[in-house]
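The structure under discussion appears below in the form of structure tokens.
The structure displayed is predicted, hence computed values, not measured ones. Sequential numbering from 1 along the given sequence is applied to the chain's residues. In each ligand, atom 1 is the first atom listed, and ligand 1 is the first ligand listed.
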Amino acid sequence: MEALLEKIIKDCAPYKTLGRPASYIPELANGDINDLGIYVTCSDGQSFMAGDALKPFTIQSIVKPILLLLCLMDNGPDLVRDKIGVEATGKPFDAINVTEGSLSSSHLNPMVNMGAILMCTMIKGRDSGERFSRLLELTRLLADNPSVELDQKVYLSEKQTGSKNRALAYLLKTYGMIDGDVEEILDCYFKACSIKVTCKDLANIAFTFANRGRHPLSDKRLFPAEYAHFVNAVLVTCGMYDGSGDFAVKVGVPAKSGVGGGIMAVSPTKMGIGIFSPGLDSKGNSIAGIKVLEQLSKEMYLSIF
Ligand code: GLN
């Protein structure tokens, strides 16, 4: 397996420089497009890695499945479906998705920014700070890594420049879908996106979803299996945004991308996969990262379809 991962990383190296790091969050523009790494956590307890698998980067939108899980744990699936919906938007992550002067849950999805901002108000906590702390704790638990922390520089960079997310949050407020202070709500969202992880952390987190809610090493139940089915289904339909259909055909597993260059992929019952390569396509998905997953899926027959 180690040799296979090394080979895939080598084969996919030419794709690293086809994309560009996200620059709309200034701090992310410093990403090194030469980075490419993979970490795999398998159901037999073994793990394997190649390339820059232990280099930290910010989780960005890969926090959305964790946020969705916490939202399900705090509110149950019925309320989550009612408020945020589960239909794929087929649109970019930051799309202003409103029709005929109205906004409803059918325009949202837990994997796009509007849905995630709304989820930041649905998780339990006295204030935005406590909500974020609970999300960070859950991330540490799933990653099996108590030292997962916030990247202060990326957080401040995103907070200073996030006008599009402010626009999305004010739209939610206009249509009565969120209450309270927009800046405070966004503070939780910006911090959530700025959690620092490695491919190893993402592989472990993915494995809990692959293993239907059980911890990768201890096999202890962390959350109900039903919530893993919920999250995995939403990942298949919208985890790669308007690239989800293409990804389903090419790779065929539930996955989530982030503009930090990460991809978390879930191979149900088999493995959790974490990938990192900051060169992005126009949809905000890692180009070399998708190529690596495409090759791994072919070699190991991972497609669920
Ligand atoms: N923090 C980013 C944003 O809100 C997350 C987007 C992403 O990773 N696709 O714009």
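- Ser257 places no side-chain N or O within 3.5 Å of a backbone atom of Asn285 that could act as its donor or acceptor partner.
- Distances shorter than 4.0 angstrom do not occur between any heavy atom of Phe190 and any atom of ligand 1.
- Close approach to Tyr24 involves these atoms of ligand 1, each under 4.0 Å from a residue heavy atom: 2 (C), 3 (C), 6 (C), 10 (O).
- With a 4.0 Å heavy-atom cut-off, ligand 1 is reached by no atom of Ile62.
- For the pair Phe48/Thr41, no side-chain contact is recorded, criterion being any heavy-atom separation below 4.5 Å from C-beta on.
- Each of the following atoms of ligand 1 lies closer than 4.0 Å to a heavy atom of Asn165: 3 (C), 4 (O), 10 (O).
- For Asp94, the closest heavy-atom approach to ligand 1 does not fall below 4.0 Å.
- Atom SG of Cys42 and atom CZ of Phe207 lie 8.0 Å apart (nearest 0.5 Å).
- Looking only at protein heavy atoms, the nearest one to atom 4 (O) of ligand 1 is Tyr189 OH, 2.6 Å.
- At a 4.0 Å heavy-atom cut-off, ligand 1 touches Cys193 through the side chain alone.
- Where the criterion is an N or O separation shorter than 3.5 Å, residue side chain and backbone included, Gly258 fails it with respect to ligand 1.
- No hydrogens or angles considered: nothing links the side chains of Asp144 and Asn204 as a donor-acceptor pair under 3.5 Å.
- The shortest side-chain heavy-atom distance between Leu202 and Ile275 does not fall under the 4.5 Å cut-off.
- Checked against a 6.0 Å centroid threshold, the rings of Tyr155 and Phe190 do not count as neighbours.
- Side-chain contact, Lys270 with Tyr301: no donor N or O sits under 3.5 Å from an acceptor N or O.
- Heavy-atom contacts of Tyr241 reach the following atoms of ligand 1: 7 (C), 9 (N) (cutoff under 4.0 Å).
- Ranking protein heavy atoms by distance to atom 1 (N) of ligand 1, first place goes to Glu158 OE2, 2.4 Å.
- For atom 2 (C) of ligand 1, the closest non-hydrogen atom of the protein is Gln60 OE1, 3.2 Å.
- Proximity to Asn113 (heavy-atom distance under 4.0 Å) selects the following atoms of ligand 1: 3 (C), 4 (O), 10 (O).
- Checked against the 6.0 Å centroid threshold, Phe230 and Phe223 do not count as a close aromatic pair.
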Item to check | Test log, rule side-chain hydrogen bond (donor to acceptor under 3.5 Å, both in side chains), inputs Tyr39 and Ser47 | outcome: CA-CA 7 Å; Tyr39 196 101; Ser47 53; 3.1 Å; yes
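- Counting only heavy atoms of the protein, atom 7 (C) of ligand 1 lies nearest to Ser61 OG, 2.6 Å.
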